[in-house]
Amino acid sequence: MALLIILIICFVIILASSQPCQTPDDFVTATSPGHIMIGGLFAIHEKMLSSDDYPRRPEIQKCVGFDISIFLHTLAMIHSIEMINNSTLLSGVKLGYEIYDTCTDVTVAMAAALRFLSKFNCSREIVELKCDYSSYMPRVKAVIGAGYSEITMAVSRMLNLQLMPQVSYESTAEILSDKIRFPSFLRTVPSDFYQTKAMVHLIQKSGWNWIGIITTDDDYGRLALNTFAIQTAANNVCIAFKEVIPAFLSDNTIEVRINQALEKIIAEAQVNVIVVFLRQFHVFNLFNKAIERNVNKTWIASDIWSTATKITTIPNIKRIGKIVGFTFTRGNMSSFHSFLQNLHLFPSDNNKPLNEYAMLLSACAHVKDSDLSQCISNHSQGTLTYKANKDIERNFSLRNDFLWDYTEPGFVHSIQLAVFALGYAVQDLCQAQDCQNPNAFQPWEQIQSKCSKECSPGQMKKTTKSQHICCYECVDCPENHYSNQTDMDHCLLCNNETHWAPVRSTVCFEKEVEYLSWNDSLAILLMALSLLGIMFVLAIGIIFTRNLNTPVVKSSGGLTVCYVILLCHFLNFANTGFFVGEPQDFTCKTRQTLFGVSFTLCISCILMKSLKILLAFSFDPKLQNFLKCLYKPIPIIFTCTGIQVVICTLWVILAAPTVEENVSLPRVIILECEEGSVLAFGTMLGYIAILAFICFIFAFKGRKLPENYNEAKFITFGMLIYFIAWIIFIPVYATTFGKYLPAVEIIVILISNYGILCCMFFPKCYVILCKQETNTKSAFLKMIYSYSSHSAGSLAMSHVSLDSTNSNIPMTNPSPGGKSAAWQKSKDLEEQVFGRICRENATSISKTLPRKRISSI
């Protein structure tokens with residue numbers, strides 16, 4: 001038995017001496033059990049030691065060069081998983097992790113990927129070869145990492161075999177966006193396309209056009225260089241030189257290539273701006289040597305090292321010149337800061353990087369914080385033995401702020417986003433199944449899962465209170481906005497002048513053109529009223545023509561005046577047709593000028609009638625003489641109308657009304673007439689109002705004429721209707737909007753026309769048609785007699801105290817204009833009757849009474 005034990009011990013010793021990595025479990029860097037396992041790939045060490053054996057063996061060697069920044073990335077993943085496990089996101093389901101150190105080596109990363117793909121819960125670490133992995137259950141459900149694009153590409157091609165989700169927090173190579181080559185790859189950072197575009201934009205805006213570029217000799221560097229070169233060529237920026245440095249520190253030529261790059265920089269003295277696509281350890285070595293050679297330039301940093309504390313703490317770093325960098329979005333770091341403060345309390349049993357960090361702190365306990373990073377780098381190049389004791393724990397707890405100083409918020413936030421994206425995907429899958437069973441779902445199912453449901457076309461993503469960009473709400477696109485793809489970040493704006501869109505629209509609709517059309521019910525009603533008005537005008541014209549020699553027609557001023565007024569009404573009624581239908585430049589100009597001139601002519605004729613009535617019944621000799629001089633019908637009508645013609649002509653010439661598309665309404669385009677000049681429009685209407693007001697004053701003075709022939713009273717009413725209509729029109733017109741604006745003007749024109757037409761002609765037509773017995777000469781004389789008797793008596797009583805030397809009552813001359821013999825005889829009869837009444841009732845009157853004109857009554 002003892003011999004057997006000795007043989008086993010010897011076998012183990014021999015096996016241990018031949019293999020640095022004795023078992024697959026020894027290969028794991030950090031692990032924690034859980035119902036659902038998440039893999040992690042981090043380049044915690046800068047390189048893997050090369051083997052001195054010959055021939056070289058296919059074995060994983062020891063990794064050296066502890067990288068504090070990447071160690072913090074590992075802690076960020078662990079912390080994010082702990083946050084999910086301590087929350088209610090996955091109630092009853094615990095996430096576990098297996099984290100591997102890639103040692104910045106593709107081969108080591110591939111070995112870790114094989115471990116991820118090995119069959120779950122199998123006694124042997126095997127990866128089965130299958131044609132269909134749909135039901136295959138590997139060790140882990142997803143992978144976080146890797147950091148470097150070249151390693152990520154190699155790992156992704158292996159994980160594609162099982163469509164295992166891989167979420168990178170740092171790999172920015174543009175080629176990784178190709179879903180055909182990398183269908184299961186995802187990332188929480190933008191690709192280099194946007195970074196290089198931003199760099200070129202910065203260079204162009206700064207006025208630089210002669211630059212240099214240094215990249216690594218790997219997929220990341222070459223792809224970034226190609227993308228950057230395309231961007232610079234498109235923006236007239238020239239690249240003076242391109243230096244390529246080996247990507248991995250294990251390459252023995254790296255120091256030589258860095259020196260060659262510096263010699264090139266020094267030789268190209270006119271190049272003062274250099275773009276650097278390098279990893280942190282490359283930049284660290286490059287800048288140290290540049291400081292030694294007093295190289296002072298402007299350096300444009302890529303996101304991979306722009307915020308690295310390892311670079312900013314290089315001694316005399318300010319001598320290097322200016323550094324302008326691009327970085328990732330930052331998140332809330334308070335929780336991670338608390339995690340680092342209590343890191344010494346975190347279990348380190350299954351966490352090799354944490355144990356190694358504790359050993360390095362112990363070895364560098366005597367070093368100041370400013371030199372601690374260099375001390376750790378120097379000591380991590382060899383082999384340390386970890387011994388747990390209280391001094392190590394005390395040093396560990398006292399140096400937690402050192403880790404916080406080296407934290408890169410952009411990368412920590414990206415790692416948190418990656419972990420939480422997987423957490424929400426698992427939550428979505430676990431709603432319909434028991435995820436405490438590790439076989440509940442296959443890795444490829446997560447690719448169909450999201451933190452939030454897909455936003456359909458017509459919606460956009462709205463970020464929730466969560467700091468994770470993968471978690472959002474879907475909100476409908478507002479009016480006049482649309483989205484035509486799924487998961488759009490924002491809705492697109494329609495062209496408000498020509499298109500519109502309802503809420504949650506996927507397309508923009510062309511606006512309908514609207515105007516007051518002929519088939520509109522309101523337009524039909526208004527046109528019917530206009531036609532009715534035209535029929536009334538024609539009927540009145542016929543009635544007056546057939547009763548030309550009757551007293552009513554003659555008292556209206558004669559057929560000529562009536563025809564002119566009726567013609568104006570006809571034109572105004574017909575003019576309303578220009579307000580209906582699709583507006584044209586001709587109709588816009590015609591409708592206002594035609595209304596203004598015709599209505600002014602109508603009011604001018606009515607003004608002359610009012611002036612004539614006032615002249616006929618004025619008893620003040622001075623006023624009568626003044627009115628006689630003023631009363632010139634044809635010149636006044638032509639003058640009043642001519643002024644309006646001048647106003648309208650100037651309006652049409654200087655600021656003519658034109659057709660305008662009103663696009664202020666959300667869904668329609670209103671085709672309307674723009675008046676051209678509000679001042680001209682107001683002047684036209686104001687001038688008509690002034691004439692109407694003068695007409696109203698004259699008519700109001702003569703409102704007490706004989707009842708059956710009292711035009712003045714009806715003119716007064718007609719003008720009142722006009723004023724009321726247009727006073728109401730002004731505020732209504734100013735506040736009305738849309739296609740029915742022309743209808744407002746049609747209505748006020750109809751009211752004005754009907755008001756004047758009804759007040760002036762309907763009473764006369766009523767007398768002509770219904771009271772023919774009052775439309776005779778004898779009835780007319782009888783009415784005059786009665787009115788004159790009453791008026792004479794009143795005048796006699798008011799002049800008793802006046803001089804009575806003259807007992808005869810002289811008569812005034814008849815009105816101008818020749819009269820027929822019959823009409824002269826009726827005047828003589830009236831004079832006799834009127835004289836007799838005066839003699840009987842006012843014998844003591846000495847005041848001379850003027851005889852009333854009867855030709856205008």
Check whether any side-chain heavy atom of [X] lies under 4.5 Å from a side-chain heavy atom of [Y], and answer yes or no.
| X | Y | result |
| --- | --- | --- |
| Val663 | Asn496 | no |
| Thr649 | Thr593 | no |
| Ile670 | Leu665 | yes |
| Phe681 | Gln592 | yes |
| Leu750 | Leu526 | yes |
| Tyr515 | Pro583 | yes |

(request) Show your reasoning for whether side-chain contact (heavy atoms from CB on, under 4.5 Å) applies to Glu473 and Lys461. (result) CA-CA 6 Å; Glu473 296 176 354; Lys461 296 189 292 186; over 6 Å; no

How far does [atom1] of [X] sit from [atom2] of [Y], to the nearest 0.5 angstrom?
| X | Y | atom1 | atom2 | result |
| --- | --- | --- | --- | --- |
| Ser598 | Ile749 | OG | CD1 | 8.5 Å |
| Leu757 | Ser752 | CG | OG | 12.0 Å |
| Leu741 | Asn662 | CG | CG | 9.5 Å |
| Asn547 | Thr550 | CG | OG1 | 5.0 Å |
| Phe761 | Phe536 | CZ | CZ | 14.0 Å |
| Ile543 | Leu538 | CD1 | CG | 11.0 Å |

Looking at every non-hydrogen atom in both residues, tell me the closest pair between [X] and [Y] and how far apart they are.
| X | Y | value |
| --- | --- | --- |
| Gly581 | Trp518 | CA-NE1, 3.6 Å |
| Met527 | Gly577 | SD-CA, 4.0 Å |
| Ala501 | Cys508 | CB-CA, 4.4 Å |
| Pro457 | Thr486 | CD-CG2, 3.8 Å |
| Leu522 | Ala743 | CD2-CB, 3.7 Å |
| Met760 | Pro763 | C-CD, 4.2 Å |

Determine whether a donor-acceptor pair (N or O, by modelled atom type, separation under 3.5 Å) exists between the side chain of [X] and the backbone of [Y].
| X | Y | value |
| --- | --- | --- |
| Asp520 | Leu516 | no |
| Asn484 | Thr506 | no |
| Asn753 | His569 | yes |
| Asp487 | Cys455 | yes |
| Asp585 | Val659 | yes |
| Glu674 | Gly676 | yes |
| Gln644 | Met684 | yes |

Just by distance, no angles: are the side chains of [X] and [Y] close enough, under 3.5 Å, to form a donor-acceptor pair?
| X | Y | value |
| --- | --- | --- |
| Trp651 | Ser677 | no |
| Ser456 | Gln459 | yes |
| Thr600 | Thr641 | no |

(request) With Lys462 as the cation and Tyr472 as the aromatic partner, state whether NZ or CZ is under 6.0 Å from the six-membered ring centre and within 45° of the axis. (result) no

(message) Is there a disulfide between Cys605 and Cys568 in this structure (defined here as SG atoms under 2.5 Å apart)?
(response) no

(request) Could you tell me whether Phe599 and Tyr687 have their ring centroids closer than 6.0 angstrom? (result) no

(request) Would you check if the distance from the ring center of Tyr722 to the ring center of Phe696 is below 6.0 Å? (result) no

(request) Evaluate side-chain contact (heavy atoms from CB on, under 4.5 Å) for Cys477 paired with Met488, printing each intermediate quantity in order. (result) CA-CA 10 Å; Cys477 290; Met488 290 188 69; over 6 Å; no

(request) May I have the step-by-step check of salt bridge (charged side-chain N to carboxylate O under 4.0 Å, His left out) for Glu497 and Lys511, ending in yes or no? (result) CA-CA 8 Å; Glu497 293 188 359; Lys511 286 185 176 181; over 6 Å; no

(message) Applying side-chain contact (heavy atoms from CB on, under 4.5 Å) to His490 and His481, what does each step give before you reach the verdict?
(response) CA-CA 9 Å; His490 59 275; His481 291 74; over 6 Å; no

Would you say that more than 12 heavy atoms from the other residues, nucleotides or ligands in this model lie under 6.0 Å from the [atom1] of [X], or not?
| X | atom1 | value |
| --- | --- | --- |
| Tyr733 | OH | yes |
| Glu582 | CD | yes |
| Phe762 | CZ | yes |
| Phe717 | CZ | no |
| Phe570 | CZ | no |
| Leu654 | CG | yes |

(message) Between Ile688 and Trp726, does the side-chain contact (heavy atoms from CB on, under 4.5 Å) criterion hold? Intermediate values first, please.
(response) CA-CA 11 Å; Ile688 296 174; Trp726 285 93; over 6 Å; no

(request) Please lay out, stage by stage, how Phe595 and Phe579 fare under the test ring pair (Phe, Tyr, Trp, His ring centres under 6.0 Å). (result) CA-CA 11 Å; Phe595 165 73; Phe579 289 84; 7.8 Å; no

(request) May I ask you to say whether Lys739 pairs ionically with Glu672, meaning some side-chain N is under 4.0 Å from a carboxylate O? (result) no

